[in-house]
Structure formats: structure tokens, C-alpha cells
Amino acid sequence: MQAFRLVVEYYNYFVTIFLMVAGLYVVIARGNMIKKLVGLAIFQTSVYLLYITPGKILGGTAPILDPAFKVYSNPLPHVLILTAIVVGVATLALGLALVARINEAYGSIEEDETFERDREA
Amino acid sequence: MTTVLPHLPALQVVIPLLGAVLCALLRRPAPAFGLALAVSWLMPVIAAALLWQVIQGGPISYHMGGWAPPWGIEYRVDLLNGFVLLLVAAVGAAIMPFAWHSVGFEIDEGRRAWFYCMYLLCLAGLLGIAITGDAFNAFVFLEISSLSSYVLIALGRDRRALLASFQYLVMGTIGATFYVIGVGFLYLLTGSLNMVDIAQRLGPAWAEHPRAIVAALAFVSAGVGLKLALFPLHVWLPNAYAHAPSWVTVFLSATATKVAIYLLIRFYFSIFGVAIAFDTLPIAQIVIALSIAAMVIASLIAVFESDVKRMLAYSSVAQIGYITLGIGLANQAGLTGGLVHVFNHAVMKAALFLAIGAVFYRAGTVNLAELSGIGRKMPVTLAVFTIAGFGLVGTPGTAGFISKWYLALGALDQGWWVLVLVIVGSSLIAMVYVGRVLEIAWLREPTPAIARASDPPLPMLLPILLLGAATIYFGIDTQWSAGIAEASAQALLGGLR
Amino acid sequence: MTAVQSADSLVPLAVLLPFVGALLIPLFRRRPNLREGVTLLTATALCLAVFGLLGPVLGGARPETQLVAVAPGLLLAFKVEPLGMLFALVASSLWIVNSIYSIGYMRANNEPRQTGFYVCFAVALGSTMGIAFAKNLFTLFLFYELLTLSTYPLVAHKRDAAAIRGGRIYLLLLLGSSLALFLPAILATWVLAGTLDFTPGGILAGKAGAPVIGMLLALYVFGIGKAALMPLHFWLPAAMVAPTPVSALLHAVAVVKAGVFCVLKIAVLIFGVETLSDLGQSAWLSAVAGVTVLGASIIALRQDNLKRRLAYSTVSQLSYIVLGVAILAPISIIGAAMHLVAHAVGKITLFFAAGSIYTASHLTEVSQLDGIGRRMPWTMGAFTIGALGMIGLPPTAGFLGKWFMLTGAIATAHWLAVAIIVFSTLLNAAYFLPIVYRAFFRESAAGEHGGEAPWPIVVALTLTGAATVAMFFLPGLPHALARLTIGM
């Protein structure tokens with residue numbers, strides 16, 4: 001029962017940790033560069049969750065001042081994460097562009113194969 | 001003038017940012033270069049004016065968009081980051097003239113305007129990290145500078161530049177994300193992102209949630225450590241430096257890692273504070289152990305490198321070890337040594353990479369075996385390389401000696417005389433790898449391929465000479481380098497601002 | 001402007017002059033005569049400047065200037081001590097002679113890269129002046145390193161595989177030992193004493209116990225690799241690949257002299273003779289010096305190459321000076337200072353003679369020298385005088401230094417030192433006299449011909465040979481300066 005409460009209470013955080021570790025694992029364990037980027041994106045996404053979670057206040061509404069509401073969610077984390085999402089998208093786009101160029105130059109996007117080709121050259 | 005002066009902190013970042021956009025619109029290399037040059041030369045003026053204001057009247061606080069901190073973003077300049085701003089801006093200004101020929105030689109014409117665009121973006125990011133007083137804003141600038149530097153590195157001629165850039169992208173993103181996780185913890189704990197504000201609220205938070213603060217410290221250390229290439233998180237650096245275009249290597253080696261080091265110092269000393277980071281947690285022991293490893297192992301690897309750029313890159317990892325050693329010592333002399341080495345190493349490494357860039361421009365290779373007798377064909381360039389090389393070794397009369405003197409004094413102040421031996425030992429290894437180049441460059445007969453080389457044109461030669469002269473100048477007159485470093489160290493160790 | 005002020009301004013002038021010369025020399029690289037003219041002019045001007053300082057120093061003044069404060073405790077400053085005065089006199093006078101000799105040697109042997117040669121030479125001399133006049137350990141260390149770096153291209157002058165190898169050993173050993181041992185010693189001195197200034201009586205009295213002082217002394221004497229104490233001596237034979245004027249520079253004018261000078265100056269003005277003798281730190285030092293004296297002499301006996309024999313002789317003679325310090329009697333330190341001068345003048349004569357033989361007839365081995373004295377009477381005459389000086393026989397300057405050291409050793413009952421001095425004198429005779437005997441009393445091999453070397457070479461070696469004898473009869477000046485050094 002105790003364990004169940006813990007999971008429910010910190011549900012978002014458990015998801016965060018799972019995504020974080022899974023993403024990092026993919027980055028490290030996969031040699032395929034596209035998969036690496038997918039892992040990287042998952043890893044970054046976990047951080048979005050980490051920031052947004054505490055900004056949500058139970059019963060709170062969007063932070064638009066109105067006499068009818070007293071409790072608002074904290075807008076700052078959302079704003080921060082909007083920025084972080086932009087950064088993440090930019091990183092992913094740049095990464096994919098690089099992978100495309102690597103594919104042109106090496107004819108492969110497997111990390112070990114590209115190293116192999118440099119050694120042959 | 002009075003309308004501009006209060007907004008200097010914003011202009012420091014906004015001008016290069018706008019310059020980058022303009023460069024992208026200009027599309028043609030010559031005007032883009034002109035714009036980049038103008039912006040680069042304006043930056044140290046602004047930075048010097050800021051530093052001057054700080055020296056005269058204490059720290060400057062600038063409220064971005066008029067929003068008061070801690071809600072709005074604060075730009076805050078004190079002695080330490082004023083010093084870093086001036087360093088980054090001055091290095092950028094000094095090496096910019098070199099870019100015209102070097103970039104013209106290494107980058108296709110259609111991409112040159114984009115190159116300058118990316119450079120200005122990177123400059124804006126680096127200056128932004130240094131100037132901002134907001135931990136999350138620092139992350140954004142960190143990513144601006146990183147993303148543009150991935151592009152800059154990928155512009156290298158060799159296809160391996162692409163791999164190096166990708167490798168750096170993956171590791172750099174992990175580092176930045178770690179950093180932002182750490183900042184997230186701090187935000188959860190204190191409800192603030194303003195550095196001064198966090199620092200003030202961290203004391204009470206420590207009593208309640210010490211473990212969360214330890215986690216925050218660990219994430220920030222690992223994240224920023226990746227960016228500054230703290231051993232063993234340095235693996236991206238040698239490839240990136242070796243395959244990037246010559247000029248990019250100069251710029252990144254002199255500024256990017258230095259700004260990351262600044263950020264680490266800011267977090268350790270200004271935000272977490274000496275009491276938490278050093279007196280309670282074993283940060284000092286960890287950082288010093290890693291620094292020693294960097295100073296010894298990376299130097300040893302440098303000895304066996306056949307590519308001069310790679311050799312210098314490993315040497316950078318070792319020299320960063322000196323700086324982090326100063327951070328780990330966390331006493332007056334040691335921290336002064338670390339901070340002054342931020343400056344001195346930037347100057348010396350820029351001189352070395354510039355010289356090697358000029359060699360590549362003339363000889364088309366940076367492979368040590370193919371550089372026989374290059375000194376006789378490019379005497380001025382190699383003379384500066386020699387001077388800066390001895391600076392790395394730390395011979396007296398060069399800037400490198402000053403750093404090592406302070407670091408060794410700092411080690412002795414702690415009673416760790418073994419560290420003195422490590423510092424000395426690492427210098428000896430540096431002597432070997434520098435000596436290898438000098439011997440081949442000066443004493444061997446020039447090969448036919450080298451025989452056509454000569455000293456580069458004046459716009460390339462002047463920055464080389466300037467930085468070579470600076471290597472000696474800051475070894476003799478240390479009022480501006482060690483003087484400011486000492487005052488900054490005093491302020492940092494004096495606890496929170 | 002009073003006399004004292006003018007003396008003060010002479011000090012930086014003396015240090016700067018050679019550097020100015022070094023800047024001017026490349027301007028005349030297409031006009032060799034003008035270029036050598038600049039060298040000679042600079043050397044003469046330097047010598048005059050140094051002699052200009054002599055009067056005030058003998059009169060009790062200690063001219064000094066401070067250039068810049070690099071960091072707290074690290075001052076770039078000069079102050080003329082009697083000992084430094086003596087060293088500067090020797091180096092600056094010998095530079096003139098050595099320049100005359102170089103001109104003859106470099107031209108006769110068609111050596112390449114002569115401009116670079118003269119530039120490095122001038123920088124080396126400027127560094128030597130900086131060492132001689134250093135007011136503190138930092139300044140000394142700065143110029144010590146500069147001397148190493150400026151002589152490295154000279155050692156590797158020939159640029160062939162052997163020269164590159166010799167240069168590598170030279171650089172690694174000298175730079176390495178100074179960074180690894182000398183620098184930490186300076187650092188420790190700063191931490192212990194809070195100053196780095198050379199002070200009569202020393203700055204370490206009462207600052208640390210015997211073990212620490214002993215460690216520090218060891219760091220200094222081995223860190224100063226230029227003093228060539230065993231086992232850090234092997235750079236000196238390795239550097240024998242250099243042209244002869246460079247060997248003369250290394251052995252007589254600047255490098256090794258700078259090494260023993262530093263040891264002397266540090267022993268007297270940093271540690272203080274009394275501190276050292278109170279703490280009983282002389283025994284191990286005399287043992288190391290003694291081993292070096294005897295060991296190097298024995299190695300010298302077995303060398304057939306003339307220059308290598310001379311090199312090992314230098315290693316052994318230098319340790320006499322260290323031994324003179326280790327005896328720690330005032331009179332033996334006077335002897336050490338005298339020997340510094342005597343060895344400089346004597347050894348430069350020997351190297352000049354070796355180079356003269358090489359230039360005239362391209363002989364390098366002792367076994368080839370049969371009968372050479374008859375063809376080259378001036379050269380071998382001077383060689384004989386130099387050899388007598390090394391052995392320490394009257395009427396040469398070498399006798400005086402050994403005599404003072406011996407007197408000091410006997411007065412302080414240092415019987416080990418006495419034995420070393422006496423026995424090594426026999427060894428010296430054993431490796432020098434056979435050369436003289438061969439040169440004058442053996443028949444030369446058939447087909448050998450040729451006469452003396454070019455006149456600048458002969459003039460130079462005659463001058464130094466004469467000086468060796470003159471110093472025996474007129475030892476007043478070095479003796480006076482040496483006495484002033486230890487405050488007598």
C-alpha cells in the first residue's frame with residue numbers, strides 16, 4: 001500500500017526518471033546515429049516533464065487573472081520549457097542534418113562503420 | 001552617450017546576435033566578413049567599458065526588459081565575469097583578421113557568409129553565458145553557442161569533421177541537459193532561477209533537503225564538466241579541435257571551454273558557496289583528482305600524437321586540468337592561479353593554434369612528420385609558436401609561468417607538496433611534446449613540399465604576433481591578468497556576494 | 001647625475017646591450033663584415049659598461065635597479081654583488097676574445113647559418129649578464145632558462161642527426177632539471193623565507209631545520225644542471241657536437257660558469273655559510289662533488305677525442321668549485337670564486353687550441369696529435385699553459401684557486417677534501433701532460449703538413465693564454481672581489 005501511494009504521488013517523477021534513463025541508454029548503446037538522436041530527444045523530453053510537474057497546482061487554472069479564480073498554475077516552468085523545446089528541436093534538426101551529411105560522405109550512418117571507413121582511407 | 005551606457009550589458013549580447021542575422025541576410029562573404037569584423041572589434045570596447053564601470057563602482061545589475069529580478073532576467077557583471085567577457089571579446093577581436101584568408105582557404109565560397117553568421121551566433125552565446133545572472137538563461141545561451149559551434153566544426157574540410165561534430169553534438173547535448181536538470185533541482189528547491197537569489201535561499205534549503213542539493217551539484221558538475229572538457233569528459237574535444245577549420249579551433253579553444261569554466265566557478269563559489277561545495281562535500285578531492293589525471297594522462301597522450309592540432313587539443317585538456325586544479329584548491333593563491341590560467345591559457349593556445357592555422361594555410365598539412373624545416377620557411381610564425389610553446393611549459397618570462405607559480409603556491413598553502421611535483425611533472429611532459437615540434441620545425445632540412453612555404457600575409461601574421469607578444473607581456477606585467485584574477489578570487493572566496 | 005646614479009643606470013644597460021646587439025645583427029645578414037662588426041662593437045661596449053661598474057663596486061657601492069614587479073615576491077630586479085661583478089667581468093671580457101675567435105673559426109670552416117649563430121651568442125651573453133646581476137632568485141631563474149634556450153640552437157648548430165640528438169639531451173636535461181628541481185626549490189624558499197632576495201648572510205637562517213635545509217640544498221645543486229654535478233653531467237659531453245666557439249661559450253664564458261656561479265651565489269647569499277655549517281650540511285655535498293671530481297677525471301683519462309676529454313675535464317673542474325663551497329670555510333669560498341675565473345680563462349684557451357687544430361688540420365683525436373706542436377707552436381704553447389692551469393701548477397691562475405681551497409680544507413680539517421684535491425691533481429696531470437708530450441716530443445706522421453690556423457684564432461688563444469699567466473702574477477682584482485663576496 002505504501003509503495004502504491006509512493007508511485008501514485010510521484011507518478012510524474014517516475015515517468016521522468018524512466019524516460020531519462022531510457023533515453024540515455026539508447027544514446028550510449030546504439031551505434032545507429034538516427035537512433036542515437038531518438039534517444040537524445042527522449043532524454044531531453046524527460047527534462048520537460050521534470051520542470052512542468054511542479055508548476056501544476058491541483059485545482060489551479062491557467063494563469064489568466066480573473067476574479068472567478070484564486071488558484072493558478074505557475075506559468076514560469078511552462079515558459080522555460082517552451083524555450084527548452086525550441087532548443088531541443090533545433091538540436092534534433094541539426095543532428096539530423098549532420099547525419100544526412102555523414103551518410104553522403106561515408107555511405108553509412110552506423111558509427112562503427114564510419115570509423116572503419118576512416119581507418120581504411 | 002548617456003542613453004547608451006546603461007544598456008551596455010544588453011548590447012554586449014544583442015549586437016552579435018543581430019549581426020548574425022544580418023550576416024545570414026547578406027549572403028556574400030566580403031560584407032559578412034566586414035560585419036563580423038566590426039562587431040568583433042566593438043565587443044571588447046563594450047566589455048572594457050563594463051569592466052571599467054565594475055572596477056569603479058562595483059557590480060552592475062541590468063534588468064532585461066525592465067523586469068525586476070528574481071522574476072525577470074538579470075544581467076549581472078562583477079569583476080569575475082567582466083574579466084571573462086573582456087577575455088572572450090578581446091580574443092575574438094584579436095583573431096578576427098586572421099579569418100579572412102584562413103576561412104577563404106578552407107571554406108567554400110557559398111558557405112562563408114553562413115560561417116560568419118555562425119561565428120557571431122556563437123560569440124553571442126558565449127558572451128551571454130558570461131553576462132547573465134539567470135541560471136536558465138545561461139542554459140539557453142549555452143545551447144546557442146553549442147549549436148553554432150557544432151555547425152562551425154562540421155564546416156571542416158575533412159569528412160571526419162562531420163563525425164567529430166556529431167560526437168560533440170551528442171555529448172554536448174547530454175551535458176547541457178544534465179546542466180538543466182541540475183538547475184531544475186535548484187528551481188524546485190528554491191523557487192528561483194536568479195543566481196543571487198538561489199544562493200541566498202540555498203542555505204535554508206540545505207538544512208531541509210541536503211540530498212537534493214547534492215544531486216543538483218552533481219548534475220551541474222557533470223553537465224558543465226562535459227562542456228569544459230574536464231577529464232574524463234573530454235573525449236569530444238580532440239576530434240572537434242583537430243578536424244574543425246583552423247580558425248574555429250582557435251576561437252573555440254580560447255573561448256568556449258573558458259566560458260564553461262567560468263560557469264562552473266560561478267556555481268561552485270557564488271551559488272553553492274564554499275561552505276557547501278568544499279567544506280561539506282568532497283568537491284575539492286574529486287576535482288583535484290580529475291585535474292591530476294588530466295594534467296598527466298592528457299599530456300602523455302599529446303606526446304604521442306602525430307597531428308599537431310590533435311596534440312595541442314590534448315594539451316588543452318591538460319591545461320584545463322591546471323585551471324580546475326586551481327578551482328579544487330579553493331584557496332586564495334590556488335584560485336588566483338586557476339583564474340589567471342583561464343586568461344593565460346586562452347592567450348597562449350590561441351597563439352599556438354593561430355600559428356598552426358597559418359602553417360596549414362601555407363603548407364596544407366599539420367602532420368608533424370611533414371613539417372620538417374617549416375621554421376626556416378615561416379620563421380615569424382614558428383617563432384611565435386616557440387614562445388607560446390614555452391609558455392605551455394611554463395618557463396619564466398611567459399604567461400604560463402605566472403599561472404603555475406600561483407597554483408604551486410596554492411598547493412603549498414594547503415600543504416600538498418605532492419601537487420607541486422604533479423604540476424612540475426606535467427610541465428616536463430609539455431616540454432617533451434613542444435620540444436618534438438620545435439626540433440622538427442627548426443632543425444630538420446625543409447622538404448620540397450615545405451620549401452615553397454613562407455610566412456602568411458599580414459592580416460594573418462598580425463594576430464599571431466599580437467598574441468605572441470601578449471604571451472610574453474602577461475608573463476612580465478601581470479597587473480591586468482593576475483591582478484584582476486586575485487581580486488576575483490578574493491571576492492569568490494569571501495562567500496556570497 | 002652623481003656617480004652612484006650613473007652606476008645604477010649602467011646595470012640595466014649592461015644587461016640590455018647584448019639584446020640590442022642581437023636585434024641589430026640580423027639587419028646586416030647580407031654584409032658579414034658589418035655583422036661581425038656589430039658583434040665586436042656590442043661586446044666591447046658591454047665590457048666597458050661592466051668595467052664602469054667595477055669602480056663603484058670596489059668602492060663599496062651596490063648599484064641596483066628594479067624593472068617591474070611581476071607578482072608579489074616576483075620582482076625583475078638587478079643588483080651588483082661582488083661575486084656577480086667578478087662573473088660579469090670574466091664573461092664580458094671573454095666574449096670579446098671569443099668573438100674574434102668565432103670570426104676566424106666560422107669563416108675558415110665555412111659554417112652555415114652564421115647570422116643565427118651570432119644572434120644566439122649575443123642573447124646568451126645578455127642572459128649571462130642577467131644571471132650575474134640578478135637581485136633575486138626569480139630574476140636569476142628567468143635568465144637561467146633564457147640562457148638554456150638561447151644556447152640550444154648553438155649546440156644543435158650542425159643540424160645533423162648527432163647534433164640534433166646532442167641538442168635534445170642538452171635541452172631536456174637542463175630545462176628538465178631546472179623545472180623539476182630548481183623551481184620547486186625557489187618556491188619552497190619563498191614559502192619558508194618570504195623573500196627571494198640575495199642577502200649577505202643568507203635568508204634561511206633559523207627558518208627551517210637541518211633536514212629541510214639539506215633537502216633544499218640538494219634541490220638547488222642538482223636543479224642547477226648547468227653545474228654538471230654527477231649524475232646530471234652527461235649533457236656536457238653530449239653538447240660537444242657543437243662548433244668549437246660554442247664549446248668555449250658553454251665551458252668558459254657562460255653556461256657551466258653560470259651553473260657554478262648560481263651554486264656559489266645561492267650557498268653564500270641564500271643559505272648563508274654559517275647556516276650551512278651550523279646545520280652540518282657540507283658532508284654529503286663534498287662527497288658528491290668529490291665523486292664527480294674523481295669520476296670525471298678517470299673518464300677523461302680514457303677519452304681519445306680531444307674535445308670530449310676537455311668536456312670531462314670541465315665536469316671535474318666544476319666540482320672543485322662546488323667542493324670549495326662545500327668545505328664552507330671563508331677562504332675556500334674565495335678559492336672557489338678564484339677558480340671560477342681561472343678555469344674560465346684556462347678552459348677557453350684549451351678549447352680555442354682544440355678548435356685551432358681542427359681548423360688548421362681537421363684533427364679531432366688525441367692520438368693524431370703527434371708532433372703537432374712543431375707545426376702550430378702558438379696553439380700548442382697556449383694549450384700547454386691552459387693545461388698547466390687545469391692541473392693547478394704555477395705560474396698559472398689555476399694554482400691560486402686550488403691553493404686557497406686546499407688551505408681552507410686544511411684549516412677546517414676537511415681531510416677528505418684535501419685528499420680529493422691532491423689525488424685529482426695527479427689525475428689532471430695524467431690526462432693533460434701526455435697531450436703536451438705528444439705534441440712537442442713525438443715525430444709527426446708522414447704526410448702531415450700545414451701551419452697555424454687563421455690569425456683571429458691565433459690572436460684569441462694567445463690572449464687568453466697570456467691572461468692565464470697574467471692572473472697568477474696579478475690576482476688582485478679577482479681576489480678583492482672574492483673577499484668582498486663573503487664580507488671580508
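Chain identifiers are assigned alphabetically (A, B, ...) following the order of the sequence lines, protein sequences preceding nucleic acid strands; residue numbering begins at 1 within each chain.
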Please list, chain by chain and in numerical order, all residues satisfying side-chain hydrogen bond (donor to acceptor under 3.5 Å, both in side chains) with B:S221, sequence neighbours excluded.
B:Y268
Please determine, among A:L50, A:L80, A:L76, the option with the most heavy-atom pairs under 4.5 Å with chain B.
A:L80
Residues B:V151, A:L98; criterion side chain to side chain contact (heavy atoms under 4.5 Å, CB included); working and verdict
CA-CA 9 Å; B:V151 178; A:L98 274 175; over 6 Å; no
Only pairs of heavy atoms separated by less than 4.5 Å count here; which of A:L94, A:V47, A:V99, A:V87 has the most with chain B?
A:L94
Cross-chain donor-acceptor list, chain B and chain A, 3.5 Å limit, no angles:
{"from": "B:R159", "atom 1": "NE", "to": "A:D118", "atom 2": "OD1", "distance (Å)": "3.4"}
{"from": "B:R159", "atom 1": "NH1", "to": "A:A105", "atom 2": "O", "distance (Å)": "3.1"}
{"from": "B:R159", "atom 1": "NH2", "to": "A:R117", "atom 2": "O", "distance (Å)": "3.4"}
{"from": "B:V180", "atom 1": "O", "to": "A:Y51", "atom 2": "OH", "distance (Å)": "2.8"}
{"from": "B:G184", "atom 1": "N", "to": "A:Y51", "atom 2": "OH", "distance (Å)": "3.0"}
{"from": "B:Y187", "atom 1": "OH", "to": "A:N74", "atom 2": "ND2", "distance (Å)": "3.2"}

Please state whether the side chain, the backbone, both or neither of B:L188 comes within less than 4.5 Å of a heavy atom of chain A.
side chain
Between A:L37 and B:L169, is the side chain to side chain contact (heavy atoms under 4.5 Å, CB included) condition met? List the steps.
CA-CA 10 Å; A:L37 288 177; B:L169 180 138; 3.9 Å; yes
Contact origin within B:F185 toward chain A - heavy atom pairs under 4.5 Å
neither
Are B:V170 and A:M33 close enough, and set up right, to give a side chain to side chain contact (heavy atoms under 4.5 Å, CB included), and what steps lead you there?
CA-CA 10 Å; B:V170 170; A:M33 291 177 189; over 6 Å; no
Under 4.5 Å from a heavy atom of chain A, the part of B:L193 involved:
side chain
With a 4.5 angstrom heavy-atom cut-off, could you sort out which part of A:L40 is near chain B: side chain, backbone, both or neither?
side chain
Do A:V79 and B:F136 come close enough that some side-chain heavy atom pair is under 4.5 Å?
no
Option that, when pairs with chain A are counted at under 4.5 Å, heavy atom only, ranks first among B:I144, B:L163, B:I181:
B:L163
